[in-house]
Amino acid sequence: MALLLRLVLLCGVADFTSSLSITTPDQMIEKAKGETAYLPCKFTLSPEDQGPLDIEWLLSPADNQKVDQVIILYSGDKIYDDYYQDLKGRVHFTSSDLKSGDASINVTNLRLSDIGTYQCKVKKAPGVGNKKIQLTVLVKPSGIRCYVDGSEEIGNDFKLKCEPKEGSLPLQYEWQKLSNSQKLPTLWLPDMKSPVISVKNASTEYSGTYSCTVTNRVGSDQCQLRLNVVPPSNRAGTIAGAIVGILLALVLIGLIVFCCRKKRREEKYEKEVHHDIREDVPPPKSRASTARSYIGSNHSSLGSMSPSNMEGYAKTQYNQVPSEDFERTPQSPTLPPAKFKYAYKTDGITVV
């Protein structure tokens with residue numbers, strides 16, 4: 001009896017192990033940003049697997065605070081690939097016939113947010129199987145910049161630097177000399193694998209073209225620089241020239257300030273003179289002066305008048321002149337009484 005039970009159990013285990021299985025092993029895949037990642041998932045079926053075929057891919061993001069996301073699904077002979085917005089349009093099955101045993105997918109245009117654990121689940125009742133793939137997205141070195149930090153003069157100390165704009169760690173550096181001798185100076189050998197080469201007591205032998213190559217697990221990039229070690233410059237002349245330039249600039253600024261102030265003073269003076277002239281303009285002639293001119297004109301006319309109408313005319317004309325005009329101008333000199341000369345004829349004799 002016990003032997004029979006053992007045989008039954010062994011048969012059951014054999015049947016179970018001969019059902020659906022995924023042949024792709026668990027693995028880790030590293031790809032560069034912007035590339036396409038191929039995530040394999042191949043399976044085999046057994047005669048006992050008679051149910052409908054269902055394939056499901058899930059993503060467990062690197063951020064543990066996020067829940068697992070279904071990214072693509074095959075069920076009822078249809079494909080559904082719009083479950084996960086971040087991967088919409090970038091995840092596809094590689095096979096056109098999934099029933100043939102290939103449930104692999106491609107993830108295109110990789111982003112750093114695609115990092116995580118991808119799980120392939122295949123179900124065809126009663127068989128069920130799943131596998132996991134760890135995807136890591138790295139950034140290739142790019143935008144490498146090579147430059148000299150310091151003055152490239154004989155006897156000076158300076159540094160050769162190699163800096164990538166971006167690139168996932170770890171990064172490896174390698175310096176080479178491309179001109180003259182193909183080897184770096186012996187003193188530089190310890191720095192050949194570092195991003196910075198420290199140059200001590202530089203000489204003209206160090207001049208030449210150098211390259212720096214930066215590499216990580218998904219790619220590499222390179223930059224070049226030209227090093228020219230020259231004799232020390234005439235610093236005294238440079239300093240003197242700088243001082244002269246500063247003095248000239250100060251003189252120019254002083255001239256500009258002087259001209260501006262002079263112009264302002266001239267404008268102010270013109271305004272004051274203009275104002276004074278307007279104040280000194282004599283007021284219009286008063287009615288007193290008008291009266292005097294009026295009287296003068298009467299004097300000239302009175303001499304030609306006859307005695308018969310002189311008295312009445314003089315009284316009438318003088319009465320027409322307002323008295324207040326003479327009162328408002330006391331400074332005017334008092335006119336002496338007029339002496340009138342007139343002539344008339346009587347009995348043929350002219351009397352004056």
Side-chain angles (χ1 to χ4, degrees), residues 19-45 49 51-125 127-144 164-172 213-222:
S19 63
L20 186 151
S21 64
I22 296 179
T23 59
T24 302
D26 293 345
Q27 56 186 296
M28 295 182 63
I29 297 176
E30 290 183 345
K31 286 291 182 179
K33 177 183 174 182
E35 294 183 346
T36 297
Y38 169 70
L39 307 183
C41 181
K42 295 185 178 182
F43 61 91
T44 58
L45 300 173
D49 299 327
L53 177 64
D54 291 327
I55 301 173
E56 183 181 51
W57 278 90
L58 296 95
L59 168 62
S60 301
D63 187 353
N64 295 328
Q65 296 180 357
K66 296 182 179 180
V67 299
D68 293 354
Q69 298 284 341
V70 176
I71 60 174
I72 193 168
L73 175 68
Y74 174 81
S75 180
D77 295 333
K78 292 184 178 180
I79 296 174
Y80 305 90
D81 57 2
D82 56 354
Y83 283 95
Y84 189 45
Q85 189 66 29
D86 288 354
L87 283 172
K88 186 175 181 180
R90 297 193 296 120
V91 59
H92 312 280
F93 284 109
T94 60
S95 175
S96 58
D97 184 10
L98 299 178
K99 295 179 180 179
S100 64
D102 187 0
S104 305
I105 60 172
N106 280 333
V107 180
T108 62
N109 192 22
L110 287 173
R111 304 172 184 172
L112 295 179
S113 59
D114 298 336
I115 297 174
T117 301
Y118 293 76
Q119 185 175 4
C120 174
K121 290 185 176 181
V122 181
K123 178 181 179 181
K124 189 173 177 63
V128 177
N130 68 84
K131 289 294 179 181
K132 292 182 179 181
I133 298 176
Q134 181 69 38
L135 175 63
T136 301
V137 180
L138 302 176
V139 179
K140 294 189 295 185
S142 63
I144 311 299
K165 185 176 181 180
E166 60 179 2
S168 298
L169 301 175
L171 296 173
Q172 297 177 351
T213 303
V214 184
T215 307
N216 65 5
R217 294 194 297 266
V218 292
S220 64
D221 197 8
Q222 185 182 82

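Model, not experiment: these values are computed from the prediction.
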**Student:** Quick one: pull up NZ in K121 and CD1 in I22 and give me the separation to the nearest 0.5 Å.
**Tutor:**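 If I round to the nearest 0.5 Å, the distance is 10.5 Å.
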
**Student:** Kindly compute the distance separating NZ (K132) from OG1 (T24), expressed to the nearest 0.5 Å.
**Tutor:**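 Going from NZ on K132 over to OG1 on T24, the span is 16.0 Å.
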
**Student:** If you look at every heavy atom in I105 and F93, which pair is closest and at what distance?
**Tutor:**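 Taking every non-hydrogen atom into account, CG2-CD2, 3.7 Å.
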
**Student:** Does any donor atom in the side chain of S104 or Y38 lie under 3.5 Å from an acceptor atom in the other side chain?
**Tutor:**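 Present: a donor and an acceptor within the cut-off.
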
**Student:** Under 6.0 Å from the CD atom of Q172, do we count more than 12 heavy atoms belonging to anything else shown?
**Tutor:**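 Open: at most 12 neighbouring heavy atoms sit under 6.0 Å from CD of Q172.
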
**Student:** Which atoms form the tightest heavy-atom contact between A32 and V137, and what is the distance?
**Tutor:**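 Of all heavy-atom pairs spanning A32 and V137, the closest is C-CG1, 4.2 Å.
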
**Student:** Decide yes or no for Q27 and P40: does some side-chain heavy atom of the first lie under 4.5 Å from some side-chain heavy atom of the second?
**Tutor:**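 Q27 reaches P40 side chain to side chain.
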
**Student:** Locate the shortest heavy-atom distance separating L171 from S168; write the atom from each residue and the value.
**Tutor:**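 The answer is CD2-O, 3.3 Å.
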
**Student:** Would a distance-only check, ignoring hydrogens and angles, find a side-chain to backbone donor-acceptor pair under 3.5 Å from D82 to Q85?
**Tutor:**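 Absent.
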
**Student:** Working to the nearest 0.5 angstrom, can you tell me the gap between I55 CD1 and C120 SG?
**Tutor:**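 Rounded to the nearest 0.5 Å, the CD1-SG separation comes to 6.5 Å.
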
**Student:** How long is the straight-line distance from CG of L59 back to OG of S113, given to the nearest 0.5 Å?
**Tutor:**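 The OG atom of S113 sits 9.0 Å away from the CG atom of L59.
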
**Student:** If you round to the nearest 0.5 Å, how far is CG of L58 from CG of N130?
**Tutor:**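 Separation between the atoms: 9.5 Å.
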
**Student:** Within the structure provided, determine whether K33 and L110 are in side-chain contact (heavy-atom separation under 4.5 Å).
**Tutor:**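 Counting from C-beta outward, K33 and L110 never come under 4.5 Å.
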
**Student:** Tell me whether T136 contacts the main-chain N or O of E30 through its side chain, where contact means a donor paired with an acceptor under 3.5 Å.
**Tutor:**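 Such a contact is absent between T136 side chain and E30 backbone.
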
**Student:** Can you find a heavy atom in the side chain of D221 that is under 4.5 Å from one in the side chain of P164?
**Tutor:**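 Side chain of D221 against side chain of P164, heavy atoms only: no contact under 4.5 Å found.
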
**Student:** Can S75 and D54 be said to form a side-chain hydrogen bond (donor to acceptor under 3.5 Å, both in side chains), step by step?
**Tutor:** CA-CA 5 Å; S75 180; D54 291 327; 3.0 Å; yes

**Student:** Report yes or no: does D49 contribute a side-chain atom to a donor-acceptor pair with the main-chain N or O of G127 at less than 3.5 Å?
**Tutor:**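 The answer is yes, because a donor-acceptor pair under 3.5 Å joins these two groups.
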
**Student:** What closest approach, in Å, do V122 and C41 show between heavy atoms, and which atom pair accounts for it?
**Tutor:**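 Taking every non-hydrogen atom into account, CG2-SG, 4.3 Å.
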
**Student:** Looking at D77 and K99, does any basic side-chain N land under 4.0 Å from a carboxylate oxygen?
**Tutor:**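 Counted as a salt bridge, because a side-chain N and a carboxylate O are separated by less than 4.0 Å.
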
**Student:** So among V107, D81, I72, which one has a side-chain contact (heavy atoms from CB on, under 4.5 Å) with W57?
**Tutor:**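 The residue from V107, D81, I72 that satisfies side-chain contact (heavy atoms from CB on, under 4.5 Å) with W57 turns out to be I72.
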
**Student:** Looking at V139, L138, I144, which one forms a side-chain contact (heavy atoms from CB on, under 4.5 Å) with P141?
**Tutor:**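 So the option named by the test is I144.
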
**Student:** Answer yes or no: does atom NZ of K140 have more than 12 heavy-atom neighbours from other residues, nucleotides or ligands under 6.0 Å?
**Tutor:**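 Not buried by this count: 12 neighbours or fewer within 6.0 Å.
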
**Student:** For the residue pair T44 / S21, report whether a side-chain donor-acceptor contact shorter than 3.5 Å exists.
**Tutor:**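 The answer is yes; a qualifying pair exists.
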
**Student:** Report the distance from atom CD1 of I79 to atom CG of L73, rounding to the nearest 0.5 Å.
**Tutor:**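 Output value for this atom pair is 9.5 Å.
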
**Student:** Are any non-hydrogen side-chain atoms of Y84 and V91 less than 4.5 angstrom apart?
**Tutor:**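 Heavy-atom side-chain distance check fails, nothing below 4.5 Å.
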
**Student:** What is the minimum heavy-atom distance between A103 and L98, and which atoms define it?
**Tutor:**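 Taking A103 first and L98 second, the nearest heavy atoms are CA-CD2, 4.4 Å.
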
**Student:** With side chains defined as the heavy atoms from C-beta onward, is the minimum distance between I71 and Y118 less than 4.5 Å?
**Tutor:**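 The answer is yes, as the side chains (C-beta and beyond) meet within the 4.5 Å cut-off.
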
**Student:** Is it true that D114 and K31 have a side-chain N and a carboxylate O under 4.0 angstrom from each other?
**Tutor:**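 Answer for the salt bridge query: no.
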
